[in-house]
Amino acid sequence: MAVINITPSHPSTFILMGIPGLEAAHVLISIPFSMFYIIGLLGNFTVLFVVGKEQSLHNPMYLLLCMLALTDIATPTFVVPNAQCIFWFNLKGITMGGCLTQMFFLHTVSLMHSAILVTMAFDRYVAICKPLRYSIILNNTRIAKLGFVGLIRAVLFILPLPLLLSRQPFCANRIIPHTQCEHIAVVKMSCGDITVNRVYGLVLFFVVYMSDLTLIALSYGLIIKAVLRLSSKKANQKALNTCTAHICVMLTYYTPSLFSNLTNRFGQGFAPHIHIILADLYLLIPPMLNPIIYGVKSKELCDKVGKYICRK
């Protein structure tokens, strides 16, 4: 009787390989992974603690910073513990349900992160271009509502990804050459027609992220236009300084994100481990750097953090 080398349509377990080609260095690679993750957690929890304690920081800008800190805590947490189990203990198995759940939360938080950056750009636009109406246009309640809208948007756009994949047949190859259940990596494991999955993923990337980048560019275009109208050079400098931290945060997020996504989709000449390392760093570096950037660039936050450190 012939043996058919095909597993059931919905295999119970996938195998996450970590970083293929660098298996011998997994333990060494885990060291910077752990350091970036721990530094990111400490920095973001510090931001949440200080902003929560200090009544003077209870304003829209710092509420947005707290939202950013929450996404920066969640993003690597969905990846690093599982990756460390692969690196340290060779625990590579993950159920299909667990894989799709990780994919959903990972991409949802990423989209939420982008929505927060757009709202931050709008906050800076209002603060510089309409300073007298700032408290009328933006307040904590309105920021919370905008954050909720961003969360709903992320859930609605990302939910079809695992739902479409859950209907796909998977053949004998259950091995995912990655440290995480990234959508593109899991799609490649299907032996069915993945045209809809690929098209939706591509449309999602270009429509959502490009629209967010367009809105941010529009906000900063209006900001630059308003700043150039200011007669005082000191006023120009002060206005631009209020945007510096946000610009740095955007660069640390969108630059590796765009590079990782584009090389994964179109950079066929890159070695597989390069794709994986880029995808992991894009989830680890921004959460680590964001609280440092705001701590350095925001004198008010820096002073409050320093107060608690000195008290200890």
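Below, all heavy atoms of this structure are taken into account, side chains as well, without hydrogens, waters or symmetry copies. Here, residue 1 is the first one in the sequence, and each next residue gets the next number.
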Exercise. Start with the C-alpha distance between Leu284 and Thr75, add both sets of side-chain angles, then the distance that settles side-chain contact (heavy atoms from CB on, under 4.5 Å), and finish with yes or no.
Key: CA-CA 8 Å; Leu284 285 168; Thr75 301; over 6 Å; no

Practice problem: Kindly say whether Ile19 contributes a backbone atom to a donor-acceptor pair with the side chain of His26 at under 3.5 angstrom? | Solution: yes

Quiz item: Do the side chains of Asn44 and Leu70 get nearer than 4.5 Å, heavy atoms only?
Solution: no

Exercise. Would you kindly say whether Gln180 and Asp280 are connected by a side-chain donor-acceptor distance under 3.5 Å?
Key: yes

Quiz item: Are Leu117 and His246 close enough, and set up right, to give a side-chain contact (heavy atoms from CB on, under 4.5 Å), and what steps lead you there?
Solution: CA-CA 8 Å; Leu117 291 180; His246 183 243; 4.2 Å; yes

Practice problem: Group every Ile, Leu, Val, Met, Phe, Trp and Tyr by side-chain heavy-atom contacts under 4.5 Å, then state whether Ile216 and Phe206 land in the same group. | Solution: yes

Quiz item: Hey, what do you get for OG1 (Thr46) to CG (Leu301), rounding to the nearest 0.5 Å?
Solution: 9.5 Å

Practice problem: Please list all pairs passing the ring-ring contact (aromatic ring centres under 6.0 Å, His included) test where one or both residues lie in residues 115-163, with sequence neighbours left out. | Solution: none

Practice problem: Applying side-chain contact (heavy atoms from CB on, under 4.5 Å), run through Asn290 and Cys248 and close with a yes or a no. | Solution: CA-CA 8 Å; Asn290 289 347; Cys248 292; over 6 Å; no

Exercise. Could you tell me whether the side chain of Met61 reaches within less than 4.5 Å of the side chain of Arg124, counting heavy atoms only?
Key: yes

Practice problem: Measure across Leu63 and Ala144 and return the closest heavy-atom pair with its distance rounded to 0.1 Å. | Solution: CD2-N, 4.2 Å

Quiz prompt | Heavy-atom check, side chain of Tyr37 versus side chain of Pro32, under 4.5 Å | solution = no

Quiz prompt | For Glu182 against His178, the heavy-atom pair lying closest together | solution = OE1-NE2, 3.3 Å

Please tabulate, one pair per line, all N/O donor-acceptor pairs under 3.5 Å involving side-chain atoms of residues 96-114, not counting sequence neighbours.
| residue | atom | partner | partner atom | Å |
| --- | --- | --- | --- | --- |
| Thr101 | OG1 | Gly97 | O | 2.7 |
| Gln102 | OE1 | Cys181 | N | 2.7 |
| Gln102 | NE2 | Phe78 | O | 2.8 |
| His107 | NE2 | His183 | N | 3.4 |
| Thr108 | OG1 | Phe104 | O | 2.6 |
| Ser110 | OG | Tyr209 | OH | 2.8 |
| Ser110 | OG | Tyr253 | OH | 2.9 |
| Ser110 | OG | Tyr282 | OH | 2.9 |
| His113 | ND1 | Thr71 | OG1 | 3.3 |
| His113 | ND1 | Asp72 | OD1 | 3.4 |
| Ser114 | OG | Asp212 | OD2 | 2.6 |
| Ser114 | OG | Tyr254 | OH | 2.6 |

Practice problem: Please examine the side chains of Tyr220 and Ile247, heavy atoms only from C-beta on, and report whether any two atoms are closer than 4.5 Å. | Solution: yes

Quiz item: Side chains of Val80 and Phe36: closer than 4.5 Å at any heavy-atom pair?
Solution: no

Quiz prompt | Nearest-0.5 Å distance that lies between atom CG in Leu251 and atom CD1 in Ile293 | solution = 8.5 Å

Quiz item: Is Leu215 linked to Met210 within one hydrophobic cluster, defined over Ile, Leu, Val, Met, Phe, Trp and Tyr using a side-chain heavy-atom separation of less than 4.5 Å?
Solution: yes

Exercise. Kindly work out whether a path of hydrophobic side-chain contacts (I/L/V/M/F/W/Y, heavy atoms less than 4.5 Å apart) joins Met189 to Leu163.
Key: yes

Quiz item: Atom CG in Leu138, atom OG in Ser135: separation rounded to 0.5 Å?
Solution: 9.5 Å

Quiz item: What are the two closest heavy atoms between Ala115 and Gly150, and how far apart are they?
Solution: CB-CA, 4.1 Å

Self-check item: Min side-chain heavy-atom separation Thr214-Leu218 under 4.5 Å
Solution: no

Exercise. Would you check, one step at a time, whether the test side-chain contact (heavy atoms from CB on, under 4.5 Å) holds for Leu22 with Leu28?
Key: CA-CA 10 Å; Leu22 297 178; Leu28 289 176; over 6 Å; no

Exercise. Working to the nearest 0.5 Å, report the span between CG of Leu164 and OG of Ser190.
Key: 11.0 Å

Self-check item: Closest non-hydrogen atom pair, Ala226 against Cys129
Solution: CB-SG, 3.6 Å

Quiz item: Any side-chain heavy atom of Glu54 within less than 4.5 Å of one from Phe49?
Solution: no

Practice problem: Drop me the distance from Leu283's CG to Leu278's CG, to the nearest 0.5 angstrom. | Solution: 11.0 Å

Quiz item: In a check of side-chain contact (heavy atoms from CB on, under 4.5 Å) between Ile116 and each of Ile143, Leu68, Leu65, which one passes?
Solution: Leu68

Quiz prompt | Straight-line distance of Leu146 CG to Leu151 CG, nearest 0.5 Å | solution = 12.5 Å

Quiz prompt | Donor-acceptor contact present, side-chain Thr255 to main-chain Thr252, <3.5 Å | solution = no

Quiz item: Any side-chain heavy atom of Pro60 sitting closer than 4.5 Å to one from Asn140?
Solution: yes

Practice problem: Using the rule that two of Ile, Leu, Val, Met, Phe, Trp, Tyr join whenever any of their side-chain heavy atoms come within less than 4.5 Å, decide whether Leu42 and Ile73 are in one cluster. | Solution: no

Quiz prompt | Tyr200 versus Leu156, closest heavy-atom pair with distance | solution = OH-O, 4.3 Å

Exercise. Using the side-chain contact (heavy atoms from CB on, under 4.5 Å) rule, pick out the option among Thr179, Leu16, Leu91, Thr77 that qualifies with Asn82.
Key: Leu16

Self-check item: Exercise: identify the closest heavy-atom pair between Gln84 and Ser30
Solution: NE2-O, 3.1 Å

Exercise. Determine, using the 4.5 Å side-chain heavy-atom cutoff (strictly less than), whether Leu64 and Ile137 are members of one ILVMFWY cluster.
Key: yes

Quiz item: Between Asn59 and Tyr62, is there a donor-acceptor pair closer than 3.5 Å when you use the side chain of the first and the backbone of the second?
Solution: yes

